[in-house]
Q: 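If you scroll down you'll find the structure; I have some questions about it.
Just so it is clear, the structure is predicted and the values come from calculations on it, not from any experiment. Just so it is clear, the values below take in all heavy atoms, side chains as well, and ignore hydrogens, waters and symmetry mates.
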Protein chains: 2
Amino acid sequence: MADVARIAGVSHQTVSRVLNHHPNVRAATRDRVLAAIQELGYRRNLSARALVTRRTNTLGVVAFDTTLYGPASTLFGLEQAARDAGYFISIVSLKTINRKTVGEALDYLAAQAVDGLIAIAPQVEAAAAVSALEGTVPVVAVEGGEAGGMPVVAVDQVHGAELATRHLLDLGHRTVWHIAGPVDWLEAEGRRNGWRAALEAAGVEVPPVAEGDWSPRSGYEAGRRIADDARAGRATAVFVANDQMALGLLHALHEAGVRVPQDVSIVGFDDIPEAEFLTPPLTTVRQDFAEVGRKSIALLLDLIDTGPSAAAERIVVPPVLVTRSSTSPPATI
Amino acid sequence: MADVARIAGVSHQTVSRVLNHHPNVRAATRDRVLAAIQELGYRRNLSARALVTRRTNTLGVVAFDTTLYGPASTLFGLEQAARDAGYFISIVSLKTINRKTVGEALDYLAAQAVDGLIAIAPQVEAAAAVSALEGTVPVVAVEGGEAGGMPVVAVDQVHGAELATRHLLDLGHRTVWHIAGPVDWLEAEGRRNGWRAALEAAGVEVPPVAEGDWSPRSGYEAGRRIADDARAGRATAVFVANDQMALGLLHALHEAGVRVPQDVSIVGFDDIPEAEFLTPPLTTVRQDFAEVGRKSIALLLDLIDTGPSAAAERIVVPPVLVTRSSTSPPATI
DNA sequence: GGGTCATGTGTGAACGTTAACAAACCGGGT
DNA sequence: ACCCGGTTTGTTAACGTTCACACATGACCC
C-alpha cells in the first residue's frame, strides 16, 4: 500500500480511502491511485484489515453430511449468496451430529473469528448446541425448527406434508401410511406432524409409522413390511419423508409384486433430480433450497449489521407439490 | 495476549512460545501460561498471526456444482482432511464453468490470500484456467486429467471404464454400447477412452456413442434411442458414464418394454447410494471420493511445505467394480 | 476581509501477533 | 574463581491496515 501511495504521490491513508470508497476524495486523485494500484497489481491484505476492523468478512457454516441432496443444495445456495454479498464462507461438515461434534465445530469456527454463523442444524441436539452459542456471535439456524427461540429460516415442513397427504386423500384413498425420518430430526418431526394433522383433519384412521434414516436402504426395509399391508389391501397410499427412502420403497414394492400406482400410491419429499426418472416418476414435494440459502444469508447479514433484532425471526419458505405418476386413485375392488 | 502474560507473570513472547509449542520453555512456566489462558478463555487472533507469518492457514477450493454426488463427496473428504491438518477451507462453487467464471473464482480466493488451492476442475477449460495460475500459489487439481502438467489427484477413470466394459464382454456380450458424459469433461473423456480401449483390445466392433450431460434426463433421452437398438437385438449391453444417467436409461428401457438385465445389461459409474436400490440394483464402478479428498490435501500440504516438487505428481486412486443385478449374460436366442 | 463550513489530504497511533536479537541464568569443566 | 555453551526469558521492531485527529484549501456569507 505504501508503494501505491508513493507512485500515486499521495499518503497511504488516501489509498485506503479510495479502496473503501470513501466519498471525500477528489476524482483526479482517485484515478491516480487506481492507476497505481493497477500498475502494481496491488491487493489489499485482508488479514491486516481484519486485525484493525475486527471483522473477518467470513461466515461460518456448520452442516451435516453435505453428501445428501438437501444439505448440498442448501450449501450451494448459501455459498452463492454469501459471495454475492462479499463474504467468505468457512464450512464444517459433520458426519455424526451430537452435542460434542457440534461443539467442536463451533469451536473451530470461533477460532476463525467468523462474523456470523449459519447452522444447518436439523437435529434437536444440534439445535440445542447451537442455541447455547447465542449472544456471542450472530447465528441463524437453517431448518432449525422452533428450538431455542433463535432466528430460523426453514421450509414449511408441516405444510409440505399436509400437501402430500391431502393429495392422496383427495384422490380417494381411505388413509395414508407414512415412512418417517429419524425421530431426532426436526424436519422428520415436521413432516410427521403435517401428515398426522392432515389425517386427523380428514377424520381418518392414523396407521402405524415406519421409521427410516433417510437412506434408500431404510426405505427398502420399511417397504418390505409395508408390502404385506399393501397385499392385504390395508395400505393403498404412502407418504415417504424423503425421495431416497421413496426410491427404496419403490424397489421393495416392485420385488413384492405390488404395483405403483395401481396398488399403492407414493409421495416423496425433496424432488431430487432423479425423482422424475424413477419407475414410475415420483410425485413429491419440492423444496427451494437455493431460496433458503439466500434468505439465510440475508437474515444473517441483517443481524450482523443491525445487531440482534428484538424478535427472533422465523422465515418460512413454502414447498410445492409436484404431481407425477406415482399417485393415482385407489383401485376400486 | 498481554493479559495472559500479566496473569502468568511472563512476557507476551513467552505466551507466544507456549502457543507455538516452542521447545525452550520450562514446564513450570508453560503450565502457568496454560492456566492463565484457561482462566481468561483466551484465543489467539488469527488475523494478527496471518499478518506477521504471511500464512492464512486457509486452503481454497474451486468446485463445480457441489450438488452432484461426486463433487459433493469429494468436497466432504477434502474438508475432513483439511480440518484434521489444522487448515481452514474456503469454497467457491460454480454453476457454469468456463475460463471467465473460473478466473473470477480464483481471483476471489486470491483476495483471501489462501495458502494453497484445490481445483476440482474436471473440465478442459477449467483445467486450463487453473494451470495458468501455477507458480503464484501451490495448486492441486482433482480429477484434472493430464492438463498443464500440474499435480493431480484423480480416480483412474480409464481403468474403471475398462473394468466395466470387460465385465460385460466377459459375460458374453458381443459388444458394449456407451452413454458418455459431456465432451469437455476430462472424466467423461477418460471413461470413453477406457471403454473404447477395452473394446479394441477385445477386437470387437465399437458402436456409436450417445452423449449426455450427467443428468438423469439426458440418460433417459439417450435411452429412448438405445431402446430401439435393443429391441432390434443390436444393443445387449450398455456402459453408462454415471449412475444418474443409468437411472434415466433404466426408466427409458422400462417404458419401452425392454427388460434389464434379460434384454440389456447395464453398468453405471460412481456407486451413488441409490444404485443398490434401483430396479434392478445397478452394477457400477465405485469411486473412493473420500480417499481422493485426503490424498489431495496431503499432496497440497506437501507442496506448501516443501515448495514445488520437481516432477508434477500424479496420484491415482483405483476404482472398483461393484457387481449387482443389472448385468447378466445375454439371452441366447 | 474575517469567520464558518465543507471538502480533501496527511500524520501518528493503534490492532495482536511473531521474528530477531539480547540478556540473564545455570551447570560443568578447568 | 573463571569462562563456556546451552537453555530460558525479555525487549523491540516489524507485518499492512484503518481510525482519530489535525491541517490545508477554497467557497460562502455577513
Side-chain angles (χ1 to χ4, degrees), chain A residues 1-58 86-88 110-115 137 304-305, chain B residues 1-58 86-88 110-115 137 304-305:
Chain A
M1 182 150 130
D3 297 345
V4 173
R6 192 152 10 85
I7 293 204
V10 297
S11 75
H12 63 120
Q13 175 60 351
T14 300
V15 177
S16 171
R17 275 191 268 256
V18 171
L19 251 23
N20 294 313
H21 307 107
H22 190 98
N24 290 350
V25 61
R26 203 159 24 169
T29 321
R30 175 171 34 248
D31 291 348
R32 245 180 319 136
V33 171
L34 255 22
I37 288 178
Q38 188 76 26
E39 183 184 336
L40 268 61
Y42 163 82
R43 277 229 170 85
R44 70 133 74 78
N45 181 320
L46 291 182
S47 297
R49 179 168 219 252
L51 180 57
V52 58
T53 58
R54 288 143 181 296
R55 292 280 230 93
T56 52
N57 252 266
T58 301
Y87 274 80
F88 298 105
Q112 233 182 133
V114 294
D115 292 340
V137 66
I304 291 176
D305 287 342
Chain B
M1 180 147 132
D3 297 345
V4 173
R6 192 152 11 83
I7 293 204
V10 297
S11 75
H12 64 121
Q13 175 62 343
T14 300
V15 176
S16 170
R17 277 192 267 257
V18 170
L19 249 23
N20 294 312
H21 308 107
H22 190 98
N24 289 349
V25 79
R26 206 159 25 171
T29 322
R30 173 167 41 245
D31 292 349
R32 246 181 317 138
V33 171
L34 256 23
I37 288 177
Q38 188 75 26
E39 184 184 337
L40 267 63
Y42 162 81
R43 276 230 171 86
R44 79 145 49 94
N45 180 319
L46 291 183
S47 297
R49 180 168 217 256
L51 180 57
V52 59
T53 58
R54 294 144 177 295
R55 294 278 230 94
T56 52
N57 252 268
T58 300
Y87 274 80
F88 299 106
Q112 232 183 134
V114 293
D115 293 340
V137 65
I304 291 175
D305 288 341

Q: Between B/Arg32 and B/Ala8 (side chain of the first, backbone of the second, donor and acceptor by atom type, cut-off under 3.5 Å), is there such a pair?
A: yes
Q: Kindly say if B/Arg44 contacts the phosphate of C/dT17, meaning a side-chain N or O under 4.0 Å from OP1 or OP2.
A: no
Q: Of B/Thr29 and A/Ala2, whose closest DNA chain D nucleotide lies nearer the 5' terminus?
A: B/Thr29
Q: Search all heavy atoms of A/Leu46 against all heavy atoms of B/Ala111 and return the closest pair with its distance.
A: CD1-O, 3.1 Å
Q: When rounded to the nearest 0.5 angstrom, what distance separates CD in A/Glu39 from CG in A/Asp3?
A: 10.5 Å
Q: How close or far is atom P of D/dT11 from atom NE2 of B/His12, stated in whole angstroms?
A: 8 Å
Q: Rounding to a whole Å, what distance do you find between A/Leu51:CG and D/dC15:P?
A: 14 Å
Q: Under 4.0 angstrom, heavy atoms only, what part of the nucleic acid is B/Arg30 near: base, sugar-phosphate, or nothing?
A: nothing
Q: Between A/Ser16 and D/dT17, is there a side-chain N or O to OP1/OP2 distance below 4.0 Å?
A: no
Q: Starting from P on C/dG16, measure out to CG on B/Leu40 and report it in whole angstrom.
A: 13 Å
Q: Hey, does the side-chain of B/Arg17 have a donor or acceptor N/O within less than 3.5 Å of a partner on the base of D/dG10?
A: yes
Q: Nearest to the side chain of A/Gln13 - D/dA20, D/dG16, D/dT11?
A: D/dA20
Q: Quick one: is B/Arg26 getting a side-chain N or O under 4.0 Å of the D/dT9 phosphate, OP1 or OP2?
A: yes
Q: Ignoring backbone atoms, establish whether A/Thr14 has a side-chain N or O less than 4.0 Å from OP1 or OP2 of C/dG10.
A: yes
Q: Can you tell me how far C1' of D/dT17 sits from NE2 of A/His22, to the nearest Å?
A: 16 Å
Q: CG of A/Asn24 versus C1' of D/dA20: gap in Å, rounded?
A: 15 Å
Q: Which sits closer to the 5' end of DNA chain D, B/Ser11 or B/Val52, going by the nucleotide each is nearest to?
A: B/Ser11
Q: Could you tell me the separation between the CG atom of A/Leu46 and the C1' atom of D/dT18, rounded to a whole number of Å?
A: 13 Å
Q: How many whole angstroms separate atom CG of A/Asp31 from atom C1' of C/dG8?
A: 15 Å
Q: Under 4.5 Å between any side-chain heavy atoms of B/Asn20 and B/Arg44, yes or no?
A: yes
Q: Between D/dT18, C/dG16, D/dG10, which nucleotide has the shortest distance from any of its atoms to the side chain of B/Ala48?
A: C/dG16
Q: How many Å lie between CG on B/Asn45 and C1' on C/dC15, as a whole number?
A: 8 Å
Q: Side-chain contact test, heavy atoms from C-beta onward, threshold under 4.5 Å: evaluate it for B/Leu19 versus B/Ile37 and give yes or no.
A: yes
Q: Would you please confirm or rule out a distance under 4.0 Å between OP1 or OP2 of D/dC15 and any side-chain N or O of B/Thr53?
A: no
Q: Answer yes or no: does a side-chain N or O of A/Arg54 lie under 4.0 Å from OP1 or OP2 of C/dG16?
A: yes
